[in-house]
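Each remark here refers to the structure printed beneath this line.
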Amino acid sequence: MKLQVAHDAAGLMLTSCSSSKLSLKDQLKDDTATLVDAVNAKDPASVHTAAGAVVTDIDNLQSAGQLSPSGASSMISLVDQIESHAGDLVAPSPTPTPTASETPSPTPSPTPSPTPSPTPSPTPSPTPSPTPPVVTTPPSLPTLGAGIGGASPSTTP
């Protein structure tokens, strides 16, 4: 939007100028181009300086009769609008680049790992005394007697 205002002001200034005095017109062209460059560069100080030069050129053209008072007033109004918004211009901040003095931090040297201490040999545990074998007797089996005469067998322990 602001660039459009600057462009419109430049176009209005150039079309409003009379061609009878070429040097005044050329001066206005140059100063208008400087104003547009300052706006595009987002340089508020240069915008104020260039705007002052353009207003002076407009006054000179009006004094020389090459620009009507209403034309001069319109152009000065446009230049004033551009100048009043110059404070809104913000130049992009430069990207910081590393300088030669900035050296990367040294890589820390690895710390040696501790040497493992020798493992003590295990102390012998007391050997248990041998336990006597357990003797088990099988259960006694019943004895069968052969009976005569159809008697039933008897069991004797």
Side-chain angles (χ1 to χ4, degrees), residues 1-139 141:
M1 172 73 179
K2 295 173 191 153
L3 183 58
Q4 183 64 38
V5 172
H7 186 287
D8 292 344
L12 180 60
M13 288 180 220
L14 294 176
T15 57
S16 298
C17 297
S18 168
S19 60
S20 65
K21 285 235 172 182
L22 199 55
S23 63
L24 290 177
K25 180 181 175 183
D26 287 342
Q27 186 63 48
L28 179 61
K29 282 182 182 180
D30 289 344
D31 289 340
T32 301
T34 301
L35 176 60
V36 171
D37 289 343
V39 168
N40 288 336
K42 298 181 179 185
D43 182 356
S46 295
V47 169
H48 292 299
T49 301
V54 169
V55 169
T56 299
D57 294 341
I58 293 169
D59 288 340
N60 289 342
L61 282 168
Q62 185 182 0
S63 296
Q66 298 177 15
L67 183 61
S68 69
S70 64
S73 176
S74 295
M75 291 193 309
I76 289 173
S77 175
L78 290 172
V79 172
D80 287 346
Q81 286 180 25
I82 293 168
E83 191 174 14
S84 70
H85 288 81
D88 296 341
L89 300 173
V90 178
S93 59
T95 307
T97 55
T99 60
S101 64
E102 294 179 21
T103 56
S105 60
T107 308
S109 59
T111 56
S113 57
T115 321
S117 59
T119 7
S121 56
T123 55
S125 59
T127 51
S129 57
T131 54
V134 178
V135 179
T136 57
T137 46
L141 296 175

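Side chains are part of it too, since the values below use all heavy atoms of this structure and drop only hydrogens, waters and symmetry mates.
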Could you list the donor-acceptor pairs under 3.5 angstrom formed by side chains in residues 46-55, with sequence neighbours left out?
from: Ser46; atom 1: OG; to: Asp43; atom 2: OD2; distance (Å): 2.6
from: His48; atom 1: ND1; to: Glu83; atom 2: OE2; distance (Å): 3.1
from: Thr49; atom 1: OG1; to: Ala45; atom 2: O; distance (Å): 3.1

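- Taking both residues in full, the closest heavy atoms of Gln62 and Ala72 are given as OE1-CB, 3.3 Å, listed atom of the first, atom of the second, then distance.
- Distance check, rounded to the nearest 0.5 Å: CG of Leu24 to CG of Asp59 gives 11.5 Å.
- In this structure, the separation between CD1 on Ile82 and CG on Leu89 is 10.5 Å, given to the nearest 0.5 Å.
- Taking OG from Ser23 and CG from Leu28, the interatomic distance works out to 11.5 Å, rounded to the nearest 0.5 Å.
- Under a 3.5 Å cut-off, the side chain of Thr34 and the backbone N or O of Asp30 do form a donor-acceptor pair.
- Each of Asp57, Asn60, Thr56 was checked for a side chain to side chain contact (heavy atoms under 4.5 Å, CB included) with Gln27, and the lone residue meeting it is Asp57.
- Leu67 is listed as a side-chain neighbour of Met75, based on a closest heavy-atom distance under 4.5 Å.
- Asp31 is not listed as a side-chain neighbour of Leu35, based on a closest heavy-atom distance of 4.5 Å or more.
- To the nearest 0.5 Å, the span separating CD1 on Ile58 from OG on Ser63 amounts to 12.0 Å.
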